[in-house]
Amino acid sequence: MGSSTGFEAAGPDRLRKPPPLLALNGVSKRFRGPDGRAHTALEAVDLTVAPGRFCVLIGPTGCGKSTILSMIAGLARPSEGSILIDGQPVLGSDPRTGFMFQNDAVFPWKTVLSNVMAGPRFRGVPKREAAELARDWLRRVGLSGFETYFPYQLSGGMRKRVALAQTLINNPQILLMDEPFSGLDAQTRQIMSEELLGLWEQLGASVLMVTHDLEEAIALADTVVVLTAGPATVKKEFTVDLPRPRRVREVRFQPRFVELHEQIWSCLSEEVSLAYARATTSP
């Protein structure tokens, strides 16, 4: 006799979790040093980022965080292991991925509007439509009225806003960010973090961000991943169970934020000390 509830029974397929949007499986990376010897930057890194999640990598200086982003972006190839986006191997640059670099990746000879239009134009969007999209994104990042300015006429924070609009206008599924707000003063950095969270919550992209600022990592992330001193591998992952939406300026005063900071710093400080000891004792 058939069920009269109108609902289908929940079988194994319905209970299975969706695959991660981004997956690194046993990824290692070796370089050839100036002395001709192989240098291992990454060793057997396993990492996943689910759709719509915000993940932050943190670790000692020079441990290989930026190398991970470069390989995901298709700018370098792993020596071993695989990198998958939506189950498919990364073999080069992928239009589903956007990359916001540490340094401003803007064209100094182009106006603000032309800089933000560049991505859509490269992808074949007609000029008028690309200009409309660019104006909309400049409005979203608070730069309406600056369309005809050149980068040298803007403050550091305003150039970061241009770079953010330039990246997000392409609607990436995966947003890679390599210390995007470094070099900014503390107040501007906090404002940019607030703006990033607001835009990310609208778009729902998966984010993988590198930072040296532990407070910034906790304030932004769903997951903080601590990497070991080089060769880097994943030491521990921490779930940031602070409620969303978050206010970066307020969340740091919550007791749970302080607890997470103590837990993550206890894990991270060991690797920072090890990296420093190596740097000060190496010939």
Side-chain angles (χ1 to χ4, degrees), residues 54-58 61 65-66 68-70 72-73 75 97-122 130-131 133-221 224 245-252:
F54 202 124
C55 180
V56 175
L57 299 179
I58 195 162
T61 299
K65 300 181 295 295
S66 296
I68 291 175
L69 297 189
S70 294
I72 296 169
L75 304 177
T97 301
F99 202 148
M100 190 170 172
F101 296 90
Q102 183 174 348
N103 297 319
D104 300 330
V106 295
F107 303 112
W109 62 90
K110 288 180 177 288
T111 64
V112 166
L113 182 66
S114 295
N115 263 288
V116 180
M117 288 173 57
R121 290 291 290 145
F122 180 77
L133 285 171
R135 287 191 178 92
D136 178 57
W137 272 102
L138 288 172
R139 176 190 58 78
R140 295 196 204 190
V141 299
L143 286 178
S144 291
F146 291 90
E147 290 84 355
T148 60
Y149 282 58
F150 288 87
Y152 75 89
Q153 296 173 304
L154 305 177
S155 68
M158 294 169 78
R159 287 196 299 273
K160 291 295 184 183
R161 286 190 174 94
V162 174
L164 190 58
Q166 194 179 40
T167 305
L168 295 182
I169 193 173
N170 296 313
N171 196 28
Q173 290 181 256
I174 298 173
L175 177 59
L176 307 174
M177 310 186 82
D178 191 358
E179 295 195 72
F181 307 138
S182 63
L184 298 178
D185 63 80
Q187 293 81 7
T188 304
R189 186 167 184 149
Q190 198 170 77
I191 291 169
M192 290 302 304
S193 294
E194 292 273 8
E195 292 187 355
L196 171 62
L197 275 184
L199 293 169
W200 167 71
E201 286 165 359
Q202 293 175 31
L203 294 176
S206 298
V207 178
L208 184 60
M209 178 177 174
V210 164
T211 183
H212 283 98
D213 188 328
L214 180 53
E215 288 194 3
E216 180 178 69
I218 298 170
L220 295 175
V224 174
R246 296 180 195 160
R247 299 276 302 173
V248 172
R249 283 169 284 187
E250 298 171 3
V251 72
R252 302 173 192 227

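Hydrogens, waters and symmetry mates play no part in the numbers below; they use all other heavy atoms, side chains included.
- The CD1 atom of Ile169 sits 9.0 Å away from atom CZ of Arg140, with the distance rounded to the nearest 0.5 Å.
- Pairing each heavy atom of Thr188 with each of Gly157, the nearest pair is CG2-CA, 3.8 Å.
- Applying the salt bridge (Lys or Arg N to Asp or Glu O under 4.0 Å) definition to pairs two or more places apart or across chains, those involving residues 160-181 are Asp104-Lys160, Arg161-Glu195.
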Could you walk me through whether Glu194 and Arg249 pass the salt bridge (Lys or Arg N to Asp or Glu O under 4.0 Å) check?
CA-CA 8 Å; Glu194 292 273 8; Arg249 283 169 284 187; 3.5 Å; yes
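- Nearest heavy-atom pair, Ala205 versus Trp200, reported as atom, atom and distance to 0.1 Å: O-NE1, 2.6 Å.
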So Leu69 and Phe99, side chain to side chain contact (heavy atoms under 4.5 Å, CB included) or not? Walk me through it.
CA-CA 8 Å; Leu69 297 189; Phe99 202 148; 3.8 Å; yes
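- Side-chain contact between Pro172 and Thr97: absent, with no pair of heavy atoms (C-beta onward) separated by less than 4.5 Å.
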Tell me, with the steps shown, if Leu57 and Met209 meet side chain to side chain contact (heavy atoms under 4.5 Å, CB included).
CA-CA 6 Å; Leu57 299 179; Met209 178 177 174; over 6 Å; no
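- Here the straight-line distance linking atom CD of Gln166 with atom CG of Leu168 works out to 10.5 Å at 0.5 Å rounding.
- With contacts defined as side-chain heavy-atom distances shorter than 4.5 Å, the pair Asn115/Trp109 does not qualify.
- Between Ala130 and Met117, the closest heavy-atom pair is O-CG, 3.7 Å.
- Side-chain contact between Leu196 and Phe181 is present, with at least one heavy-atom pair separated by less than 4.5 Å.
- Atom OG1 of Thr211 and atom CG of Leu220 lie 8.0 Å apart (nearest 0.5 Å).
- The CH2 atom of Trp137 sits 7.5 Å away from the CG atom of Asn171 when rounded to the nearest 0.5 Å.
- Of all the heavy atoms in Ile58 and Ala217, the pair that sits closest is CD1-CB, 4.4 Å.
- Of all heavy-atom pairs spanning Met100 and Ala163, the tightest one is CE-CB, 4.0 Å.
- Sequence neighbours left out, the pairs with a member in residues 200-217 that pass salt bridge (Lys or Arg N to Asp or Glu O under 4.0 Å) are Arg189-Glu216, Glu215-Arg252.
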Go through the steps to decide whether Arg246 and Leu197 satisfy the test side chain to side chain contact (heavy atoms under 4.5 Å, CB included), and finish with yes or no.
CA-CA 8 Å; Arg246 296 180 195 160; Leu197 275 184; 4.3 Å; yes
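- Distance OG/Ser66 to CG/Leu75: 11.5 Å, rounded to 0.5 Å.
- Shortest non-hydrogen contact noted between Pro151 and Arg159 is O-CD, 3.5 Å.
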Kindly determine whether Val112 and Glu147 satisfy side chain to side chain contact (heavy atoms under 4.5 Å, CB included), including the steps that lead there.
CA-CA 5 Å; Val112 166; Glu147 290 84 355; 5.6 Å; no
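- By the 4.5 Å heavy-atom criterion applied to side chains, Leu175 and Ser206 are not counted as neighbours.
- Atom CG of residue Leu208 and atom CD1 of residue Ile68 lie 7.5 Å apart, to the nearest 0.5 angstrom.
- Applying the side-chain contact (heavy atoms from CB on, under 4.5 Å) criterion to Thr111, with sequence neighbours excluded, gives Leu113, Ser114, Phe150.
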